[in-house]
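To keep things clear, I will list the structure first and then write my remarks on it.
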Amino acid sequence: MKLKFQIVTPERVVFSKEVDSLTCPTEMGQITVLPNHIPLIASLMPGELVVRHQKDEEHIAVSGGFIEVRPGNDIVILADTAERSDEINAERAEQAKKRAEQAMQQASTLSKEEFAATEAALQRSLVRLKVAKKTHRGHHGSSDGILNQ
Amino acid sequence: MAGTLEIKRRIKSIKSTKKITRAMQMVSAVKMRKAQVATLASRSYSDLAWQIISNLSSKIDPKYHKLLQKPESKIDPKKIGIILITSNRGLIGGFNANLNNVLKKYVEAHELVAEFVSVGKKGREVLARTKQNIIADFPKHDKTVGIKEIEPISEMIVSEYLSGKYEKIVLVYTHFVSTINQKPVIKQILPFTNTNHQKDLPMTTSDEHDKSRPLHFEYTFEPTPDKVLEHLIPRILESQIYQAILESDASEHSARMIMMKNATDAATELVDDLTFAYNQLRQANITKELSEITAGRIALE
């Protein structure tokens with residue numbers, strides 16, 4: 001039994017394939033979806049999504065969105081942004097992280113919205129870095145998909 | 001040489017017009033390709049999002065989200081809000097006119113009292129000229145924008161709808177079918193109804209296996225229905241408006257590209273015809289002069 005899995009962002013279809021299982025960070029914690037899951041709708045948190053198919057693992061960095069598990073092993077993820085590990089430029093992610101960290105240091109001068117936006121940016125870049133590192137080491141890193149906050 | 005000069009001038013002017021239309025055709029073709037790619041790429045998202053809401057709206061208790069309920073204090077059941085998405089520029093043939101005709105027919109057929117939110121200059125101009133009630137105008141950007149830019153539109157629509165002013169909210173835009181075929185559509189986005197899958201709208205994600213699915217199932221929500229829906233529903237609305245704008249963009253550039261291609265082709269034909277006429281006239285003049293000279297010589301002998 002396989003899962004029909006697709007992950008889409010407003011800009012494109014990131015990944016669409018049959019898979020064995022999928023692990024993603026939701027608001028309630030990390031969940032793994034296997035075949036015959038009950039219909040579910042949950043919010044995603046920024047983090048790392050792991051898709052398993054036989055021996056292959058694919059890591060995808062997401063920055064929030066929704067997962068819908070439909071009856072018939074049909075899984076749809078509507079992500080705000082999503083990048084496969086091989087698409088992430090580690091250098092750029094590192095720079096983005098530094099920028100966000102610098103901005104966070106001036107937290108006292110930021111408005112509430114700006115603070116939230118910067119924090120989200122920092123989280124995103126952390127996730128991307130983490131996912132990016134995974135490809136460079138091969139696919140056998142730890143799979144604690146949720147951010148260590 | 002009588003007449004030839006006039007034709008020569010016309011050929012020259014048509015040739016320079018042709019240069020312009022050809023340049024516009026090239027520019028539109030590039031924009032068209034970009035807009036088409038963007039439209040097709042994001043169609044999956046908006047289709048899937050719309051499927052979720054169609055799946056949900058019939059199954060879920062309306063108490064979990066205010067947009068699932070009918071707003072109270074209705075003034076007039078015929079009053080609707082229309083988001084009209086048109087282009088900023090002209091020279092697209094019947095692109096905007098077609099949309100306006102469809103809109104007019106729709107409003108008249110249902111005897112609706114409509115208020116408008118316009119996106120795009122051309123639509124706003126028409127609405128202003130026909131003295132329609134425009135409640136808001138959003139600028140349409142010339143290049144493809146991110147979904148973030150849609151937030152203000154969708155927020156405004158939601159708050160207007162919740163205030164109970166409108167029976168429903170519809171999107172009016174041009175749906176992109178192919179480069180040579182674009183279709184004006186009217187799509188209801190609020191309230192959500194699951195009969196809302198318009199038959200005339202081609203869906204990219206397969207509609208058929210929708211039906212083969214078990215119909216009776218309930219979704220589990222994590223953490224809770226109201227929390228998930230609070231984020232999910234605005235996101236879905238945004239994606240619908242976003243997609244409509246992308247569709248309209250792709251349609252606009254495709255239509256303009258085709259129009260400019262037609263204009264260029266017509267100019268080529270016209271230049272050919274005129275060149276032929278010019279040569280005929282020139283030859284006729286030469287023959288005439290020759291015969292005059294010959295006649296003169298004969299007279300002298």
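Values reported hereafter were calculated over all heavy atoms of this structure, with side chains retained and with hydrogens, waters and symmetry mates removed. Here is the naming used below: chain letters follow the sequence lines, and residue numbers restart at 1 for every chain.
- Only the side chain of Val76(A) comes within contact range of chain B, with at least one heavy atom under 4.5 Å from a heavy atom of that chain.
- Within a 6.0 Å sphere centred on NZ of Lys2(A), heavy atoms belonging to other residues, nucleotides or ligands number more than 12.
- For chain B, no part of Ser16(A) is nearby; none of its heavy atoms comes within less than 4.5 Å.
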Determine, stepwise, if the pair Val228(B) / Glu27(A) fulfils side chain to side chain contact (heavy atoms under 4.5 Å, CB included).
CA-CA 10 Å; Val228(B) 174; Glu27(A) 219 165 280; over 6 Å; no
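- Both the backbone and the side chain of Leu78(A) come within contact range of chain B, judged by heavy atoms closer than 4.5 Å.
- The salt bridge (charged side-chain N to carboxylate O under 4.0 Å, His left out) search around Glu252(B) returns Lys140(B), Arg256(B), not counting sequence neighbours.
- Atom CD1 of Ile38(A) sits about 12.0 Å away from atom OH of Tyr219(B), to the nearest 0.5 Å.
- In this structure, Tyr242(B) OH and Glu11(A) CD are separated by 4.5 Å, a value rounded to the nearest 0.5 Å.
- Annotation: side chain of His37(A) is not in contact with side chain of Thr220(B) (no heavy-atom distance under 4.5 Å).
- The main-chain N or O of Arg12(A) is never found under 3.5 Å from a side-chain atom of Ser42(B) such that the two would form a donor-acceptor pair.
- Closest non-hydrogen pair, Ile31(A) versus Glu222(B), comes out as CG2-OE1, 4.2 Å.
- To the nearest 0.5 Å, atom OH of residue Tyr45(B) and atom CD1 of residue Ile77(A) are 11.5 Å apart.
- Taking the side chain to side chain donor-acceptor pair (under 3.5 Å) definition, one finds that Arg33(B) meets it with nothing, sequence neighbours left out.
- With chain A as the partner, the residue from Leu229(B), Ile236(B), Ile52(B), Thr224(B) showing the most heavy-atom pairs under 4.5 Å is Ile52(B).
- There is no contact between Ile67(A) and chain B, counting heavy-atom distances below 4.5 Å.
- Gln51(B) CD to Glu68(A) CD: the interatomic distance, rounded to the nearest 0.5 Å, is 8.0 Å.
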